[in-house]
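This report refers to the structure that appears directly beneath it.
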Amino acid sequence: MMEQKKELEKRLLAFETMLEAVQKNYEDMNQKMGRLKKEGKEKTATYRQLMGNKLQYQNMLSLYQIYGVLDDEKHVD
């Protein structure tokens, strides 16, 4: 019983760490895209790669929201 509890705690900690990383990466993509947009570089390969990454993170965060893992106030735009 204790081993199962420890395993569940370990998995929860791993998930929380992953969620934090996904949220941080999503925000990083937004910031980098904002800088490139201000420079008029929306058509560059870098901007498009960042957009792809942002959409991937956005999709992950949306799934977390759908399954009730992410609070509604942390809504993804």
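Below, each value reflects all heavy atoms present in this structure, side chains not excepted, and no hydrogens, waters or symmetry copies. Numbers here are sequence positions counted from 1. All figures in this text were calculated on a predicted structure; none of them were measured in a lab.
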Practice task
Any chance you could measure T17, atom OG1, to F15, atom CZ, to the nearest 0.5 Å?
Solution key: 10.0 Å

Fill in the blank from the handout: Interatomic distance, CG@L8 vs CG@L12, rounded to 0.5 Å, equals 8.5 Å

Handout entry: Flag side-chain contact, heavy atom, 4.5 Å: M29 against M51
Key = no

Practice task
Ignoring hydrogens and angles, tell me if any N or O in the side chain of N25 forms a donor-acceptor pair with the backbone of A21 under 3.5 Å.
Solution key: yes

Fill in the blank from the handout: Here the pair of heavy atoms bringing L70 nearest to Q23 is CD1-NE2, 3.3 Å

Handout entry: Nearest-0.5 Å distance, CG of residue L50 to CZ of residue R35
Key = 9.0 Å

Handout entry: 4.5 Å side-chain heavy-atom contact, Y47 and E39
Key = no

Handout entry: Co-membership, hydrophobic cluster, residues Y67 and Y26, 4.5 Å side-chain
Key = yes

Exercise for the section: Would you give the length of the straight line joining atom CE of M1 to atom NZ of K5, rounded to the nearest 0.5 angstrom? Expected result: 8.0 Å

Problem - Cluster link I66 to L61, ILVMFWY, side chain under 4.5 Å - result: yes

Exercise for the section: Report, as yes or no, whether the 6.0 Å neighbourhood of atom CD on E9 holds more than 12 heavy atoms from other residues, nucleotides or ligands. Expected result: yes

Completion exercise
When every non-hydrogen atom of E42 is compared with those of K37, the smallest separation belongs to OE2-CG, 3.2 Å

Handout entry: Side-chain heavy atoms of E7 within contact of K10, under 4.5 Å
Key = yes

Practice task
Identify, with sequence neighbours excluded, every residue that meets side chain to side chain donor-acceptor pair (under 3.5 Å) alongside E3.
Solution key: none

